[in-house]
Amino acid sequence: MAELEGLEFGKSDFVLLDEVTMEQFMENLKLRFEKARIYTFIGEVVVSVNPYRHLDIYGKEVIEDYRGRELYENPPHLYAVADAAYKAMKRRAKDTCIVISGESGAGKTEASKYIMQYIAAITNPSQRAEVESVKNVLLKSNCVLEAFGNAKTNRNDNSSRFGKYMDINFNFNGDPTGGHINNYLLEKVRPSVLYHVLRIFTISKYTVFLSFSLFSLSLCHSKSSSQASNNDSLCHKAVMAALKVIGFTTEEISSIYKILSTILHLGNLQFTSDGEHVVLVGEDTVKHISELTSTEPENTRKALLYRTVATGGGEVIEKGHSEQEASYGRDAFAKALYERLFAWIVGRINSVIQVMDYNPALHGKNTVIGVLDIYGFEIFDNNSFEQFCINYCNEKLQQLFIELILRQEQDEYQREGITWQNIEYFNNQIIVDLVEQPHKGIISVLDEACLTAGKVTDTVCLDSMNKKLGQHPHYTSRKLCPADKTMDFNRDFRIRHYAGDVTYSVEGFLDKNKDPLFQDFKRLMYNSSDPVLKEMWPDGKMSITEVTKRPLTAATLFKNSIIALVDKLACKEPYYVRCIKPNEVKSPLLFDDGRCQHQVAYLGLLENVHVRRAGFAYRQPYARFLQRYKMTCEYTWPNHLMSSDQEAVEAIVNQHGFEDDVAYGHTKLFVRTPRTLFTLEQERAALIPILVLFLQKVWRGALARMRCRKIRAIYTIMAYYKCYKVKAHFWEVERRFTNVRNMADYGKSVEWPTPPAALVQFHRITQHLYRRWWARQLIKNIPPSDMAEVRAKVAALSALSGERVDWGYSRAWERDYLTNAKDSPLTSTNFVRITKELKNKDQYSQVLFSCSVRMLNWFNNTKDRALLITDKHIYRLEPKKHFKVQKRISLDSVVGVSVTSGSDQMVALHTASQDDFLVHLQRGQLNPNQDRVGELVGSLTDYFTRSYIGELVHKILVVAKLFNQLVSG
């Protein structure tokens, strides 16, 4: 355990802290993080801190170091816990589980993958093909579940948006024979899912179905994620390979693509009202959805616009949706598609990895290792229904955690014959009852509100909770506590969780709890000719008039699944991995003390140390203890002559006067306080140098003298050689650049000599100075009247270089083409008059660009317009109505410009209000083949660059002026 790491790395087990305080706990955690020791024990619990970098501690050699070893024989590691769980399962035929918890970005998913890889590496030494196949499917299933259940969030690049529990079945030899996966509370809608799915679709054959708006979204997003495009392609290939390894057929993979494409198209559906009825905007999208789902277009359209209901007399009528109801139904349909797709994928994997035809009488006992990767306690600025469910889950797991840890302690003391002392601890059953108690708990109140006929709002539900739970010590709200201004009236309620107080906003609770989906969508999908899609919707086979029970609410379903999960874990021997996120910026160097202390608190780690130390902080078999500390006692060094190792250990303890701080078990020594162990460690550390000092000093002296002579000779040679190389470089540079002033290109064609390593930085600076001098020689010959055009072309070059082949750099730029009589002979006079009026009205200084354009709307209709860009506004003018201003937006609201890489003249001007311009620049009479995109981009880029620099200089001058006044005052 701790003895394999020096004290400079802190305590490798928090149980060994001198004092169990939050300050000492955090100090030790921070020290180990800074020393790249990301794992620390609390007894048999591993605390893992996300390092945000690759550490070379997971290779085959490391796996062999931990294989078959006890927890205390190696430094803390995930492999140690995985091996302990595996040994307990194999040696004692005991079902075990590994519970991994922590907040988003703490490294839970990576931890579960390392545990799975370790178990796969140490099993099946005979390389049986059927076992290898099972191991491969189990490992590949992680890849598939991550692809469909993870997402990139603001807090995490690979955030699991669902809880996962995987049972791995083993035969009597300890080889995996199968498994089963349960998923919990899938987060069904995330904005980033569009980008990741679009990345996949750009490779698939269904690209043709993506609409222009979604594809433009992909292009806009990809600008900020271009560095990850190669990784996305590799990840897509990995997912495809994993699907095939697991056993998904080509038809099933095709259906998955179609369903994902359907979800994207549903996001494009828009509804409008013509007065009496709601109609769809754009029938093409409906046709695409029908084709992708293998349904009839008319049936799809009806499901989106109407709801079929049966009256009490058995009559079937169609009720048209309102615009709001249609949008709500569309969103619920998209969520349900994604949820059922994910559930089907999990079920499909389970059908492959389930244990088949296993007979315990023939094959021996079937044991299980469970791996739980579950979301940790969450406290956000705005906590909603999802955080309520997640925190309820953590309350249940915390209750189980305390009970099992205490039970394990008691079992070990009983086995070793040690007297057990009762430990007082906070029992959070009262909080669990607050949430799940029948007829009284919060979930029951939510379900009652969802089942109540009539209009029941979230506020009404909150009032009901206040009435039923107002006397509960762990529940409060603004109505119950009017003086607490941290909560809002009719919106917030607060639960005192074991990890801290959490304020929840009740807004949206009822809708998320009901999570309804119109039966019409279920029948539509069930009647699909796609067998995969039909399989996902078995409840769609019911007829319209068939009476069914009201489905369980989302909270009740989640409660039932968590209760079942806890029951599964309770019958297994648990091992815990507590993951901590060190900072919010994913830095490998930053340790945010406040952020980490908050996680330590809500994970209950300090309480875990207290529980562990309430009995005995340290325990070790007699043989192991004797081997380590026998040198500290004259009766045991070098070997003892006593009848047993226990007697020898007693001799060591008695010599140091620790009789009152230890207890002797049947096979182990139990040490009550860490100070006893540290005293032995210090004495051992003091004795070891004495034993080896003489041998070391002789040999080290000889080695040092030889090394010193060599180093002196090396440094002398190096010094002379470096001096020569530096001088030779200066001479060569002087020789090559002596006559550059008289050259036609001012020495641009002269090749620079390669500098020695000592002059690399100096060489860069010299090249930079030369390039500035060379540029000055060229620029000083340019007339001042042409500098504005030169600046614009330079700006366009930096923006478009490598993107467009021809952007007009070789011609003169007119900028204001609508004023030019040669380019616009029929309209220039009228346009000049209008610009004068606009200039007087809007007080702009100059025209940056003007041109005839063609507008394109969402209905593929085009109209001729005029585009005028000044230093104040962007105008869209109507040429046929004497250049009447149709639209005016501030130039400061422009946040970006998008152009294509082709030769077309399409330009999109993006604004902060998302009121974008999409135009096609028209070529005038001067030259029908002119490319004006570069001119527009260069003019805008140059203007914004100079405006920003001007503002910055002005601010600097103001600050300098204030500073001077302060100094003089």
Side-chain angles (χ1 to χ4, degrees), residues 5 8-12 14 17 21-42 45-58 75-78 100-114 146 150-161 163 187 190-192 224-225 227-228 231 373-383 386-387 390-391 394 497 499-502 576-606 608-609:
E5 294 184 324
E8 68 270 18
F9 299 112
K11 309 291 195 307
S12 62
F14 286 111
L17 291 173
T21 63
M22 180 61 77
E23 290 74 19
Q24 283 211 11
F25 190 101
M26 294 304 301
E27 182 181 344
N28 190 59
L29 187 69
K30 182 176 183 179
L31 174 62
R32 291 185 63 78
F33 173 76
E34 291 172 347
K35 297 290 187 179
R37 298 304 193 269
I38 62 172
Y39 300 120
T40 312
F41 284 135
I42 303 179
V45 176
V46 169
V47 179
S48 170
V49 183
N50 193 337
Y52 287 119
R53 55 173 166 157
H54 174 72
L55 298 177
D56 190 19
I57 56 174
Y58 303 105
H77 201 291
L78 289 173
I100 307 170
S101 61
E103 69 173 52
S104 177
K108 301 186 299 297
T109 301
E110 289 301 310
S112 67
K113 287 195 287 189
Y114 285 130
E146 280 189 35
N150 290 23
K152 182 172 183 177
T153 69
N154 292 332
R155 308 177 71 193
N156 187 358
D157 290 339
N158 188 33
S159 176
S160 298
R161 307 318 304 166
E187 191 172 14
R190 294 197 63 80
S192 62
S224 63
S225 305
Q227 294 179 350
N231 289 337
D373 175 4
I374 200 76
Y375 15 65
F377 199 85
E378 292 187 349
I379 305 178
F380 298 146
D381 293 335
N382 183 29
N383 301 287
E386 292 81 7
Q387 282 69 50
I390 288 171
N391 293 343
N394 278 271
H497 289 282
D501 295 354
V502 182
Y576 288 90
V577 177
R578 301 299 214 185
C579 298
I580 291 178
K581 184 176 183 179
N583 58 74
E584 290 289 350
V585 295
K586 306 168 188 173
S587 168
L589 303 176
L590 178 62
F591 187 90
D592 188 332
D593 293 85
R595 192 82 187 78
C596 294
Q597 184 171 330
H598 173 68
Q599 295 172 78
V600 168
Y602 74 64
L603 287 172
L605 300 184
L606 210 57
N608 190 189
V609 178

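The shown structure was predicted, so the numbers you read here are calculated from the model rather than taken from an experiment.
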List the atom of [X], the atom of [Y], and the distance in Å for their closest heavy-atom pair.
X      : Y      : value
Glu8   : Lys35  : O-CE, 3.6 Å
Cys596 : Ile580 : SG-CG2, 4.1 Å
Cys579 : Leu603 : O-CD1, 3.7 Å
Arg578 : Ser101 : NH1-OG, 2.7 Å
Thr40  : Ser12  : CG2-O, 3.3 Å

Test item: [X] side-chain N/O and [Y] main-chain N/O as donor-acceptor pair under 3.5 Å:
X      : Y      : answer
Lys108 : Gly102 : yes
His497 : Asn394 : no
Gln599 : Glu103 : no
Asn583 : Ser587 : yes
Asp373 : Ser112 : no
Arg32  : Tyr39  : yes

Which distance, rounded to the nearest 0.5 Å, do you find between the [atom1] of [X] and the [atom2] of [Y]?
X      : Y      : atom1 : atom2 : value
Ile38  : Tyr52  : CD1   : OH    : 12.0 Å
Leu17  : Glu27  : CG    : CD    : 9.5 Å
Phe33  : Asn50  : CZ    : CG    : 8.0 Å
Asp593 : Met22  : CG    : CE    : 11.5 Å
Ile42  : Tyr576 : CD1   : OH    : 12.5 Å
Tyr114 : Ile57  : OH    : CD1   : 7.5 Å

Pair Leu605, Phe14 - check side-chain contact (heavy atoms from CB on, under 4.5 Å), show working.
CA-CA 9 Å; Leu605 300 184; Phe14 286 111; over 6 Å; no
Does any part of the side chain of Glu146, heavy atoms only, come nearer than 4.5 Å to the side chain of Thr109, both counted from C-beta?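 Yes, at least one pair of side-chain atoms sits under 4.5 Å.
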Residues passing the salt bridge (Lys or Arg N to Asp or Glu O under 4.0 Å) test with Asp501, sequence neighbours excluded, are none
Contacts of Arg37 meeting side-chain hydrogen bond (donor to acceptor under 3.5 Å, both in side chains) (sequence neighbours excluded), chain-then-number -> Glu5
The side-chain contact (heavy atoms from CB on, under 4.5 Å) partners of Thr21 (sequence neighbours excluded) come to Glu19, Glu23, Gln24
Assign the ring pair His77 / Tyr58 to parallel, tilted or perpendicular, where the plane angle (0 to 90°) is split at 30° and 60°.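 The rings of His77 and Tyr58 stand perpendicular, inter-plane angle above 60°.
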